[in-house]
Amino acid sequence: MVVEGLSLDGRRAVVTGAAGGIGSAIARELDSLGARVIVADLNDAGAREVAGSLRAGEAVAVNLGEPGAIDTFARAMLASGAVDVLINCAAWERISPFLQSTAEDWDRQLAINLRAPIQLCHLFLPGMVDRGWGRIINISSDAGRVGSSGESVYSACKAGLLGFSKTLARETARYGVTVNAVCPGPTDTPLLQGIKDKSPNLIEALKRGIPVGRLGEPGDVAAAVAFLASPRAEYITGQTLSVNGGLNMV
């Protein structure tokens with residue numbers, strides 16, 4: 001049973017990067033609140049698997065690194081119904097010291113981590129404004145708030161999302177649309193597991209620095225996102241919420 005004020009019955013949500021650890025958890029959480037969820041990801045097989053586990057899920061393959069593909073995706077979504085909730089969760093990075101990074105890496109990170117969310121907001125926001133209701137939640141990162149070694153351009157993109165979210169929130173609040181950002185801290189995803197396999201001591205040291213004593217779980221982030229997407233959060237906009245177990249308190 002969905003708690004009163006949290007129901008998203010009748011709402012349609014697009015979640016990018018929804019085949020990944022955090023994205024799939026968000027898709028399932030929104031589905032549990034009654035939303036019809038568009039599971040959007042470059043990984044078509046993964047998106048289909050997640051969509052198949054939902055009450056009302058639809059998988060769509062999209063390459064967010066290609067502006068033309070984003071336009072095509074958005075037009076198809078709008079042709080089949082309204083989009084009330086947009087969760088920009090997809091991300092890509094290559095961890096390396098800045099002086100070892102390449103322009104190709106910068107361009108891909110800027111395209112997927114910053115330009116794609118901006119473009120998707122531009123495409124889906126008009127409908128939300130016209131209907132007088134909408135939720136946009138951009139998944140940033142604590143790397144965008146405090147920096148992170150080896151993630152210079154990624155951090156820049158995620159910091160850019162924070163400024164973009166706050167400005168968009170100011171412009172759209174009068175229309176019943178809220179815009180917020182969620183910043184996951186270290187979260188137990190396949191990406192982090194890959195680091196753990198190579199540097200187990202690093203992960204253990206990281207856990208010791210987290211006041212609650214553990215890594216985050218995708219569900220921790222998904223719960224925060226679902227609340228911000230719900231009717232109960234109608235008075236919350238322009239905010240940045242870190243879900244990090246207290247690792248960074250800024």
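Everything quoted here is computed from the prediction, not taken from an experiment. Quick note: numbers below take in every heavy atom, side chains included, and nothing from hydrogens, waters or symmetry partners. Residue numbers count from 1 along this sequence.
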Does the side chain of [Y] come within less than 4.5 Å of [X]'s, by heavy atoms?
X	Y	value
Y154	I95	no
F227	L33	no
I137	L86	no
I26	C89	yes
L114	L161	yes
P218	T187	yes
D130	Y175	no
T167	E171	yes

[atom1] of [X] to [atom2] of [Y]: how many Å apart, nearest 0.5 Å?
X	Y	atom1	atom2	answer
D188	K207	CG	NZ	8.5 Å
N180	L228	CG	CG	5.0 Å
D220	L215	CG	CG	10.5 Å
S155	Q109	OG	CD	9.0 Å
K166	N138	NZ	CG	12.0 Å
L125	I118	CG	CD1	13.0 Å

Pairing of R131 and D84 as salt bridge, 4.0 angstrom limit =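 Salt bridge present between R131 and D84.
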Non-hydrogen atoms of [X] and [Y] that approach each other most closely:
X	Y	value
G65	P67	O-CD, 3.7 Å
I87	V85	CD1-CG1, 3.7 Å
V62	A69	CG2-O, 4.0 Å
A143	E151	CB-OE1, 4.1 Å
M77	E58	CE-OE2, 4.2 Å
V153	F98	CG2-CE1, 4.3 Å

side-chain contact (heavy atoms from CB on, under 4.5 Å) with R135: which of T237, L8, T178, V225?
->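 With R135 as partner, side-chain contact (heavy atoms from CB on, under 4.5 Å) holds for just one option, T178.
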Examine [X] and [Y] and state if one hydrophobic cluster contains both, with Ile, Leu, Val, Met, Phe, Trp and Tyr joined whenever side-chain heavy atoms are less than 4.5 Å apart.
X	Y	answer
V15	V243	yes
I112	I139	no
V14	I136	yes
L64	L123	yes
V37	M128	no

Are R145 and S242 close enough that a side-chain donor and a side-chain acceptor fall under 3.5 Å?
->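 Note: R145 and S242 side chains meet the donor-acceptor criterion.
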Within a radius of less than 6.0 Å around CZ of R55, do more than 12 heavy atoms belonging to other residues, nucleotides or ligands occur?
->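 Counting other residues, nucleotides and ligands, CZ of R55 exceeds 12 neighbours.
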Ignoring hydrogens and angles, tell me if any N or O in the side chain of [X] forms a donor-acceptor pair with the backbone of [Y] under 3.5 Å.
X	Y	answer
D41	A18	yes
S101	L99	no
S141	C183	no
S24	G21	yes
S140	K158	yes

Between D107 and R115, is a salt bridge (Lys or Arg N to Asp or Glu O under 4.0 Å) present by the stated rule, with each step listed?
-> CA-CA 10 Å; D107 289 344; R115 191 190 193 284; over 6 Å; no
Could you give me the CA-CA distance, side-chain angles and deciding distance for L247 and D142, then say whether side chain to side chain contact (heavy atoms under 4.5 Å, CB included) is met?
-> CA-CA 9 Å; L247 179 60; D142 271 0; 5.5 Å; no
Is it true that the NZ or CZ of R94 lies under 6.0 Å from the centre of W106's six-membered ring and within 45 degrees of the ring axis?
->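 R94 over W106 ring: no.
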Do L78 and F124 pass the side chain to side chain contact (heavy atoms under 4.5 Å, CB included) test, and can you show the C-alpha distance, the side-chain angles, and the key distance before you say yes or no?
-> CA-CA 8 Å; L78 293 172; F124 288 129; 3.7 Å; yes
Just do the side chain to side chain contact (heavy atoms under 4.5 Å, CB included) check on W133 and V177 with the steps written out, would you?
-> CA-CA 5 Å; W133 197 96; V177 179; over 6 Å; no
